[in-house]
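For ligands, and for the atoms within them, numbers begin at 1 and follow the listed sequence.
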Amino acid sequence: GASLSKALPKSRPTRAVPKVQRRGYAIGSDIQITRTGKPIVSVSGGRSDLHFACHTATVFGATGFLGRYIVNRLARTGNTVVVPYREEMFKRHLKVTGDLGRVNFMEMDLRNTASIEESVRHSDIVYNLIGRDYPTKNFDLEDVHVEGVERIAEACAKYDVDRFVHVSSFNANKNSHSEFYRTKGLGEEVARSIFPETTIVRPSPCFGYEDRLLNRLASVTHFLTSNNMQERFRPVHAIDVGMALEAMMHDDSTASQTYELFGPEEFSMEEVAELVDREIISHRRHINIPKFIMKPFLNVLNKALWWPVGSADEVEREFIDQIVDKKAKTFKDLDIEPVSVKSQLYRYLQEYRISKYQDLPPMSEREKREEKKYLHVID
Ligand code: NDP
């Protein structure tokens, strides 16, 4: 600093250069014309300065696990998001994902057509993430995966919404033994028959902070299964699925396509459980109960209890490996490289890690002889 000020001529005034905040359209054009000829105008400003386009998107099922990974992406880049919801408390975390006024909530019931129409009528893209792993008191799987989809697709067609992205499931197949896969398969057919340009998305079992895969394996001391954890699948990162869903909005060539979104590696449930055990440094016991006992037992339990305890169909699904439809498009077609579950284990499982490390070396000759491991308590 001193040598530099000496080198500068004395007469040269030193002044602070004002920081000019650049406003404008960072990428692409400021007006886009959608498939049905609607203009999408970009404006910039506010917290979400980085604008691509100001779409209006409805996300059904946004209050669930995957929902936040798409609402967050849409809202933070300045799109207006409509979130149909059922329960006040389930939607609150979504409000802060965008600027004031960007995230709007609409009360909705899957059997109330008017409420569905009200949710989609201002949007140019509708995502449907509504789904349930088990039948509930008021809705069986067909109500949710077929009739619900029918009502949403009909509303999209009625209000000439440009795009409909329907989240189905891996293994969706109308001839499956599993009611879940069967109704998901029928749902896809219904969506395409009413709204032929439907983009169908079939995610693999997802992992993330709120998942039902790593959390389930890490949180229970005894893990009950019926197929000895032999089912094989390709876990996918929830963030990658969110990224793919967002990319679909920006690329109209994804209309009418089917995407299978799966992770880079295939595992059996047992292999994932081993990875989880290693990461949390404790052993979760596994108990296998035959299918013929487990199914009726869960049927009774599911009816008697009012919190999710698993269902007979989930037992059936343990016996079905994931099959990837070779004809469907994948992450590659969206220029996304999916991450492996192995690389994210610490991130999602660190709170399950025990606070004592048993993997430190023995501290004395006696401990070495006895193969006793040193317990290190962090606090
Ligand atoms: P969640 O169970 O976490 O969320 C489901 C969403 O659907 C919630 O918003 C829920 O609303 C809504 N919903 C369920 N039943 C009804 C109903 N009868 N009426 C209105 N809304 C309803 O699921 P995910 O976020 O994990 O999954 C999203 C989609 O992706 C689902 O369709 C699922 O089948 C599919 N999928 C998920 C996979 C995964 O591993 N997570 C794997 C493959 C497919 P509310 O909050 O009010 O209950």
Side-chain angles (χ1 to χ4, degrees), residues 58-72 83-94 105-113 115-116 119 127-152 165-173 176 178-188 191 200-217 231 233-242 244-245 258-263 269 272 306-308 310-311 313-314 317 320 322-324 341 348:
T58 302
V59 184
F60 287 97
T63 50
F65 158 43
L66 275 181
R68 70 197 70 203
Y69 295 97
I70 176 66
V71 171
N72 158 44
V83 174
Y85 71 97
R86 301 193 288 180
E87 161 62 50
E88 285 284 337
M89 300 298 269
F90 293 176
K91 66 174 172 53
R92 298 180 307 166
H93 59 287
L94 299 171
F105 299 104
M106 304 273 307
E107 196 166 356
M108 186 259 342
D109 187 294
L110 205 51
R111 293 202 173 97
N112 183 337
T113 310
S115 72
I116 294 175
S119 303
Y127 290 93
N128 177 30
L129 273 71
I130 289 181
R132 262 291 168 262
D133 280 344
Y134 47 87
T136 56
K137 195 168 62 173
N138 294 316
F139 292 90
D140 62 24
L141 297 184
E142 190 159 340
D143 292 337
V144 179
H145 300 147
V146 188
E147 278 178 32
V149 177
E150 188 177 351
R151 285 198 197 97
I152 294 171
V165 179
H166 171 60
V167 178
S168 178
S169 168
F170 65 98
N171 283 356
N173 177 359
S176 178
S178 147
E179 196 188 348
F180 179 88
Y181 296 144
R182 191 169 60 244
T183 52
K184 282 284 191 185
L186 289 169
E188 290 183 359
I200 288 171
V201 182
R202 297 186 190 137
S204 288
C206 302
F207 61 90
Y209 281 116
E210 308 82 5
D211 70 12
R212 292 181 292 277
L213 178 62
L214 302 181
N215 282 308
R216 202 169 132 229
L217 286 167
E231 67 272 31
F233 57 93
R234 309 181 69 114
V236 69
H237 199 190
I239 294 180
D240 291 339
V241 176
L245 290 174
T258 301
Y259 287 84
E260 290 259 4
L261 304 181
F262 50 87
M269 186 62 100
V272 180
W306 51 94
W307 62 87
S311 68
D313 191 62
E314 283 172 88
R317 266 180 271 158
I320 305 174
Q322 178 173 2
I323 297 172
V324 172
V341 65
Y348 295 123

Would you mind telling me if ligand 1 is within reach of the side chain of Phe233, the backbone, both or neither, using heavy atoms under 4.0 Å?
-> neither
Crowding at CZ, Arg92 (>12 non-hydrogen neighbours, <6.0 Å) = no
In the protein, what heavy atom is nearest to atom 9 (O) of ligand 1, and what distance, to one decimal place, separates them?
-> Thr63 OG1, 2.6 Å
Numbered atoms and elements of ligand 1 in range of Leu110, under 4.0 angstrom, heavy atoms | 17 (C), 18 (N), 19 (N)
Nearest neighbour of atom 40 (O) of ligand 1 from the list Cys206, Pro235, Pro308, on a heavy-atom basis | Cys206
Going by the atom numbers of ligand 1, which of them fall below 4.0 Å from some non-hydrogen atom of Val167?
-> 29 (C), 30 (O), 32 (O)
Applying side-chain hydrogen bond (donor to acceptor under 3.5 Å, both in side chains), name anything that partners Ser169, two or more places apart in sequence or on another chain.
-> none
Looking at side-chain heavy atoms only, is the closest gap between Tyr69 and Tyr209 below 4.5 Å?
-> yes
Before accepting this row, confirm whether a basic side-chain N of the pair Glu188/Arg202 lies closer than 4.0 Å to the acidic partner's carboxylate O.
-> yes
Does ligand 1 have any atom sitting under 4.0 Å from a heavy atom of Arg212?
-> yes
Going by heavy atoms, is Arg202 under 4.0 Å from ligand 1?
-> no
Could you tell me whether the side chain of Arg234 and the main chain of Gly263 form a donor-acceptor pair under 3.5 Å?
-> yes
Measure from the side-chain N and O atoms of Arg151 to the backbone N and O of Leu110, and report whether any donor-acceptor pair falls under 3.5 Å.
-> yes
What protein heavy atom is closest to atom 5 (C) of ligand 1, reported as residue, atom name and distance in Å?
-> Gly131 O, 3.3 Å
When you measure from atom 35 (C) of ligand 1 to each heavy atom in Ser204, Ser168, Gly208, which option holds the nearest one?
-> Ser168
Check each atom of ligand 1 against the heavy atoms of Phe90 and keep those under 4.0 Å away; list them by number with element.
-> 46 (O)
min-distance protein heavy atom vs atom 31 (C) of ligand 1 -> Leu129 O, 3.2 Å
Is the backbone of Asn112 close enough, under 3.5 Å, to the side chain of Ser115 for a donor and an acceptor to pair up by distance?
-> yes
For ligand 1, which atoms sit closer than 4.0 Å to a heavy atom of Pro205?
-> 40 (O)
Please state whether Phe60 comes within less than 4.0 angstrom of ligand 1, counting heavy atoms only.
-> no
What is the closest protein heavy atom to atom 15 (N) of ligand 1, and at what distance does it sit?
-> Arg132 CG, 3.6 Å
So which protein heavy atom does atom 33 (C) of ligand 1 come closest to, and at what separation?
-> Lys184 NZ, 3.9 Å
Identity and separation of the nearest protein heavy atom to atom 27 (O) of ligand 1 = Leu66 CD1, 4.1 Å
Here the atoms of ligand 1 under 4.0 Å from any heavy atom belonging to Phe180 are 34 (O)
Could you list the atoms of ligand 1 found under 4.0 angstrom from a heavy atom of Ser169?
-> 43 (C), 44 (C)
Region of Phe65 engaging ligand 1 - heavy atom pairs below 4.0 Å = both
Give a yes or no on whether the backbone of Asn215 and the side-chain of Asp211 come within a donor-acceptor separation of less than 3.5 Å.
-> yes
I'd like a table of donor-acceptor pairs (distance under 3.5 Å, sequence neighbours excluded) in which one partner is a side-chain atom from residues 127-135, with atom names and distances.
| from | atom 1 | to | atom 2 | distance (Å) |
| --- | --- | --- | --- | --- |
| Tyr127 | OH | Leu245 | O | 2.7 |
| Asn128 | OD1 | Ile130 | N | 3.1 |
| Asn128 | ND2 | His166 | ND1 | 3.2 |
| Asp133 | OD2 | Arg212 | NE | 3.2 |

So, is Gly61 polar-close to ligand 1, with some N/O to N/O distance under 3.5 Å?
-> yes
Nearest non-hydrogen partners of Thr63 and Phe90, listed with the distance = CG2-O, 3.6 Å
When you measure from atom 4 (O) of ligand 1 to every protein heavy atom, which one gives the shortest distance, and what is it?
-> Gly64 CA, 3.3 Å
Non-hydrogen side-chain atoms of Ile200 and Val167 separated by less than 4.5 Å | no
Does a side-chain heavy-atom distance below 4.5 Å link Met269 with Leu217?
-> yes
Between Pro84 and Val59, which heavy-atom pair has the shortest distance, and what is it?
-> CD-O, 3.2 Å
Candidate pair Tyr348 and His237, rule ring pair (Phe, Tyr, Trp, His ring centres under 6.0 Å), full reasoning = CA-CA 11 Å; Tyr348 295 123; His237 199 190; 5.5 Å; yes
So which heavy atom in the protein is nearest atom 17 (C) of ligand 1, and how far is it from that ligand atom?
-> Arg86 NH1, 3.1 Å
Examine the proximity of ligand 1 to Glu210 and report which part, side chain or backbone, both or neither, has a heavy atom under 4.0 Å away.
-> neither
Is the closest N or O pair between Ile130 and ligand 1 shorter than 3.5 Å?
-> yes
